[in-house]
Every structure is written in C-alpha cells, then in structure tokens.
Amino acid sequence: MKEFNELCKIFEEADLLTYSALLTEKSVKVLPALSAVSVDGLTGVEVYASFIIASVVADGKLSEEEYALLYPSLHVFFGDNIDYESCKKAVRKISSETRELKKLVNEMVDVLGHLSDSLKDDIIVICMLICAIDGKISLREKMWIKQLIKD
C-alpha cells in the first residue's frame with residue numbers, strides 16, 4: 001500500500017515533460033502489444049481506448065487537462081460538435097450509473113487477466129498517469145486503480 005501511495009505522489013508531482021515522456025514511453029510499448037490481442041471481440045486499440053476513457057471518468061469529474069488529453073480523439077470521432085461542457089455532462093452521467101461503472105471495471109479486470117504481467121503493469125501506469133494529469137489522484141481514482149491491480 002505504501003509503495004502505491006508513493007507512486008501516486010511521484011505521478012502527481014511530475015513535471016509536464018517527465019509526465020509526457022513516461023506516458024509516451026508506456027503507450028509506445030502497450031499499443032503494439034495490444035494490437036496483437038483481441039479480447040471479447042475488441043481490438044487492441046479499442047481495449048487501450050477503454051482504459052484511457054475509464055481513467056478519465058474514474059473520479060466522476062472531467063478536468064480541463066483530461067479533456068485536453070482526450071480532445072484529439074474526441075474531435076476525430078465527433079468533429080467540431082464536441083466541447084468541454086458537453087463532455088463534462090457526459091462524464092457526470094456515466095459516473096452516476098454505478099451499475100455500468102462496476103460492469104466496466106469488471107470487464108477491464110478480465111482484460112488484464114489475459115495479458116502478461118509486464119503489459120498489465122504498463123497499462124496500470126498509464127491509467128495512473130492519466131488520473132494524475134490534473135495534479136491529484138483522488139481517492140475514487142485510487143480505489144479504481146486498486147481494483148485493476150487485483151489479480
């Protein structure tokens with residue numbers, strides 16, 4: 001537990017350059033590895049995107065930093081019709097649906113069970129980094145990450 005909290009603190013205090021470099025390093029390893037995997041009919045990219053989105057909504061809020069991280073992907077999918085306020089409203093709606101969130105976490109834990117320990121660790125680090133983008137990994141985010149860590 002102490003190691004987990006120390007790791008959270010390191011990610012929370014990381015400067016933008018270090019943060020970006022680590023997120024890029026882990027993503028460059030994870031994406032090709034996931035592209036070779038198909039879990040429950042999802043492609044590797046879809047699995048990766050699911051972890052990113054779940055990391056963003058884990059605390060039930062959408063910070064401007066999280067929105068900025070997601071914006072390029074959202075823009076590709078939704079074009080100019082997507083804005084920060086609409087996304088915040090969608091995140092609130094998703095986070096209020098407890099049953100759906102619990103199902104999503106269970107599915108993600110199942111996906112992690114199909115992966116190597118190294119790949120699982122890298123995905124968890126990516127999730128932690130995304131949760132820390134606003135400078136704080138909240139209690140709800142920590143609880144979500146701990147569910148992913150469970151074997």
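Residue numbers start at 1 and run along the sequence shown. Note that the coordinates shown come from a computational prediction; the quantities given were computed from them, not determined experimentally.
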Query raised in the report: Within a strict 4.5 Å, meaning less than it, do heavy atoms of the F11 and C131 side chains meet?
Result: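 The answer is no; the side chains never approach within 4.5 Å.
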
Requested in this report: With the side chain counted from C-beta on, respond yes when C127 and L148 share a heavy-atom pair under 4.5 Å apart, and no when they do not.
Outcome: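 With C-beta onward as the side chain, the pair touches.
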
Requested in this report: Go through the structure and list residues passing side-chain contact (heavy atoms from CB on, under 4.5 Å) with L119, not counting sequence neighbours.
Outcome: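 Applying side-chain contact (heavy atoms from CB on, under 4.5 Å) to L119 gives V30, A33, L34, L115, S116, I123.
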
Atom [atom1] of [X] and atom [atom2] of [Y]: how far apart are they, to the nearest 0.5 Å?
| X | Y | atom1 | atom2 | result |
| --- | --- | --- | --- | --- |
| L7 | K142 | CG | NZ | 10.5 Å |
| L23 | T18 | CG | OG1 | 12.5 Å |
| I137 | M143 | CD1 | CE | 14.0 Å |
| L129 | S27 | CG | OG | 8.5 Å |
| D122 | K26 | CG | NZ | 4.0 Å |
| I124 | D117 | CD1 | CG | 9.5 Å |

Query - Intermediate values then yes/no, side-chain contact (heavy atoms from CB on, under 4.5 Å), D59 and W144 - result: CA-CA 8 Å; D59 64 355; W144 177 74; over 6 Å; no

Requested in this report: Determine, step by step, whether K9 and E13 satisfy the salt bridge (Lys or Arg N to Asp or Glu O under 4.0 Å) criterion, reporting the C-alpha distance in whole Å, the side-chain angles of both residues, the deciding distance to 0.1 Å, and the verdict.
Outcome: CA-CA 6 Å; K9 188 143 188 82; E13 295 174 352; 3.1 Å; yes

Requested in this report: Taking E141 for its side chain and S138 for its backbone only, find out whether a donor-acceptor pair lies under 3.5 Å.
Outcome: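 Yes; at least one donor-acceptor contact below 3.5 Å.
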
Query raised in the report: Do D121 and V125 pass the side-chain contact (heavy atoms from CB on, under 4.5 Å) test, and can you show the C-alpha distance, the side-chain angles, and the key distance before you say yes or no?
Result: CA-CA 6 Å; D121 290 346; V125 167; 5.6 Å; no

